[in-house]
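Labels below follow one simple rule: chain letters A, B, ... track the order of the sequence lines, proteins then strands, and each chain is numbered from 1.
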Protein chains: 2
Amino acid sequence: MTVTLADVAARAGVSAATVSRVLNGNYPVAGTTRERVMRAVNDLEYVVNGHARALAAATSDLVGVLVNDVADPFFGILASAAQTEIGRGSEHGGGKLAVVCNTGGSPEAELNYLTLLQRQRAAGVILTGGAVEGTEHTHAVADKLARLAADGTKVVLCGRPPLPPDEFSGEESALENDDAAAVTTLAFDNRGGARRLTEHLLTLGHRRIGYVTGPANRTTTRDRLDGHRSALADGGLAVTADRLTVHGDYSRASGYDATLELLRRDPDLTAVVAANDTIALGACAALRERGMRIPQDVSVAGFDDLPFSIDATPALTTVRLPLHEAGARAGRLVMGLESPPPGGVATVRAELMARASTAPPAFA
Amino acid sequence: MTVTLADVAARAGVSAATVSRVLNGNYPVAGTTRERVMRAVNDLEYVVNGHARALAAATSDLVGVLVNDVADPFFGILASAAQTEIGRGSEHGGGKLAVVCNTGGSPEAELNYLTLLQRQRAAGVILTGGAVEGTEHTHAVADKLARLAADGTKVVLCGRPPLPPDEFSGEESALENDDAAAVTTLAFDNRGGARRLTEHLLTLGHRRIGYVTGPANRTTTRDRLDGHRSALADGGLAVTADRLTVHGDYSRASGYDATLELLRRDPDLTAVVAANDTIALGACAALRERGMRIPQDVSVAGFDDLPFSIDATPALTTVRLPLHEAGARAGRLVMGLESPPPGGVATVRAELMARASTAPPAFA
DNA sequence: CTGTTAGCGCTTTCAC
DNA sequence: GTGAAAGCGCTAACAG
């Protein structure tokens with residue numbers, strides 16, 4: 001039915017070993033023999049069986065890329081950039097196949113996909129986006145990651161904090177420590193970025209600042225909120241922080257709803273800071289519907305600087321995360337094309353992009 | 001080093017076959033034996049080797065999803081929806097792994113990825129987005145698809161026209177015909193949607209309508225342009241069509257540039273129709289920079305109805321393609337969870353979404 | 001219900 | 001430079 005190495009060997013009048021050597025080009029083979037083999041390969045339209053090769057050679061051309069949702073540009077950009085690096089050279093048989101897995105941010109789904117990838121003996125795994133903390137699966141994910149790393153799978157975290165050194169260092173943790181070290185991390189400076197953003201608002205003269213964010217148990221949520229809070233605290237506004245913080249799910253709809261809620265809590269709000277750009281869009285829609293002008297009546301700011309932010313009206317003030325660069329770097333790291341940063345952890349800078357959606361409050 | 005079936009069998013005191021049967025659960029095994037095996041599996045943290053399994057059972061848990069670029073929401077949404085269906089049931093070992101491949105729309109890259117997937121003996125392949133026509137690789141892609149289908153890989157086209165019946169039906173096309181039939185197609189009604197959109201503008205009273213589109217050799221470009229032209233022709237405006245059509249690359253930047261060019265060609269333009277929403281955003285930016293109001297001075301329309309369209313100011317008139325539904329359906333088709341439409345081809349409806357960015361021209 | 005026996009298609013020593 | 005043979009780890013008849 002399907003053509004095998006043996007078929008090619010037969011047609012070329014050589015042994016299977018020789019065909020293999022020609023195909024892998026890692027061994028001296030006579031020029032004429034090589035030609036004969038290649039002709040047979042073409043005539044028969046032979047394509048190697050990746051599974052057989054993987055089994056025999058104990059290698060794999062799969063790399064997993066775990067994302068919350070590819071449809072979300074934040075992850076789409078990361079995945080796209082990573083994929084480009086991973087597939088690089090696939091014309092020459094060099095690259096690997098990127099398996100993009102949508103986890104919806106659930107540690108349970110992450111665990112499932114990691115197991116699936118482990119089954120395929122994936123060459124590497126990239127986990128993008130913040131982690132969920134405190135679920136029963138959370139530790140399991142960390143353990144699985146350590147396992148994978150120990151088995152030779154390259155693990156790269158992109159946009160999530162490093163693995164905890166060895167929380168449960170118990171019975172069998174002689175290895176665990178080294179394994180955690182084998183995991184490379186590209187952490188985003190969420191805290192610093194958020195801090196600078198809120199400072200920007202404070203500098204403009206805002207004092208009643210609402211904050212709309214995502215689920216409380218995500219590291220991204222926590223870090224950004226931390227940065228926001230610390231800026232407020234330094235401005236002597238620590239008290240308002242809690243009252244004017246609303247949690248949602250990072251969607252436009254939740255940004256819309258939360259903003260309405262914020263307006264109920266404090267009708268004299270002069271600024272709304274969103275934990276991401278998508279929420280900010282929802283906030284703008286809500287504000288506009290209430291007849292409030294941006295930024296004259298209320299300033300709005302986002303986070304991430306996704307492509308659409310520049311096209312919002314007015315253009316959205318936000319914090320830029322170099323997602324493309326980060327994804328590409330994660331791809332290179334997982335492919336071993338770039339050496340890991342010292343300590344295995346690098347922090348990706350977050351840059352304030354002050355645009356038209358923020359301005360001094362009316363009374364100022 | 002890594003734990004194998006044999007290790008588990010040894011520890012459980014049974015044969016490898018029994019372990020396999022327990023794991024696959026497709027064969028009767030005594031309760032106590034099963035328990036003993038499961039305990040050994042857990043103790044050893046055993047995870048099957050997917051390659052060995054694939055080789056022995058001649059099955060694969062990979063499904064390829066080819067897209068132009070995951071970072072583009074159009075493809076991100078399709079891929080995300082498809083992936084959800086493909087991975088469905090992976091908790092119970094049912095689902096498969098979706099391999100998302102960025103082809104950048106190049107037939108050459110498509111061919112490479114298809115070969116890579118063929119290597120892995122992928123269970124199925126979904127190709128999304130329009131096809132490029134007339135390259136030397138174009139036929140090769142069609143041939144490869146037929147090959148894959150013949151070898152048992154499910155092939156689904158989503159957003160591109162069906163494969164030509166059998167252009168090169170020559171030497172070995174006895175099979176080719178059936179194979180093409182084995183390919184399921186979910187075509188988008190690009191032509192009809194584009195037609196209705198331009199009719200909408202015509203009905204509003206516009207007569208000087210510019211058109212900004214993508215590369216000429218893409219099926220999507222051609223179909224949408226066809227629809228636009230036929231509407232103009234019916235309105236007696238066939239002549240203006242060519243002069244007021246500018247090709248770009250579907251990006252925001254090209255939409256911006258092309259709109260400026262359009263304005264040079266006809267400063268009295270009253271409407272700009274873009275071949276997708278991203279171009280439309282660029283058009284809006286260019287118009288606004290020229291001091292023209294939307295829609296008072298110039299109406300703007302897009303295509304696809306991507307999430308950001310509703311947040312554009314003013315909200316963008318566009319043509320809605322049910323991308324999520326289409327992607328999910330493609331996923332179900334490739335998994336054999338849904339039976340193919342009669343004839344193997346289904347057309348996905350495109351719906352006009354008339355919003356605030358289009359209005360009657362000023363002179364009307 | 002369980003064990004034995006063959007491979008699946010390829011890579012890789014080890015000889016020649 | 002090339003061939004023969006021994007697996008890689010698993011599943012699938014085929015016996016019992």
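Whole-Å rounding puts the A:Q118 CD to D:dG9 P distance at 15 Å. Distance CG (B:D61) to C1' (D:dC10): 13 Å, rounded to an integer number of Å. Note: CG (B:N49) to C1' (D:dG9) measures 6 Å, nearest angstrom.
The closest side-chain heavy-atom distance from A:F75 to A:V100 is not below 4.5 Å. Contact annotation: the side chain of A:V63 never approaches that of A:V125 to less than 4.5 Å [non-hydrogen atoms, C-beta and beyond].
Using a 4.0 Å cutoff on non-hydrogen atoms, the parts of residues 14-29 of chain A near DNA chain D are A:V14, A:S15, A:A17, A:T18, A:R21, A:Y27, A:P28, A:V29, ordered by number. Taken residue by residue, residues 33-40 of chain A places heavy atoms nearer than 4.0 Å to DNA chain D at A:T33.
For DNA chain C, the span of nucleotides reached by chain B at under 4.0 Å from its heavy atoms goes, 5' to 3', from C:dC1 to C:dG9.
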Before giving the answer on side chain to side chain contact (heavy atoms under 4.5 Å, CB included), spell out for A:V3 and A:V8 the whole-Å C-alpha distance, their side-chain angles and the decisive distance to 0.1 Å.
CA-CA 8 Å; A:V3 184; A:V8 176; 4.3 Å; yes
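Judged by distance alone, the side chains of B:Q120 and A:D61 do bring a donor and an acceptor atom under 3.5 Å apart. With no hydrogens or angles considered, no side-chain donor-acceptor pair links B:D151 and A:T2 at under 3.5 Å. Using modelled atom types, one finds no donor on one side chain facing an acceptor on the other under 3.5 Å when comparing B:S106 with B:T103.
Across every non-hydrogen atom of B:R329 and B:P341, the tightest pair is NH2-CB, 4.2 Å. Nearest heavy-atom pair, A:N102 versus B:S80, reported as atom, atom and distance to 0.1 Å: ND2-OG, 3.1 Å.
In terms of position along DNA chain D, the nucleotide closest to A:T32 lies nearer the 5' end than the nucleotide closest to the other residue of the pair B:V48 and A:T32.
Between A:E110 and A:R160 there is a salt bridge, since a side-chain N of the basic residue sits under 4.0 Å from a carboxylate O of the acidic one.
To the nearest 0.5 Å, atoms OG1 (B:T184) and CZ (B:R332) are separated by 13.0 Å.
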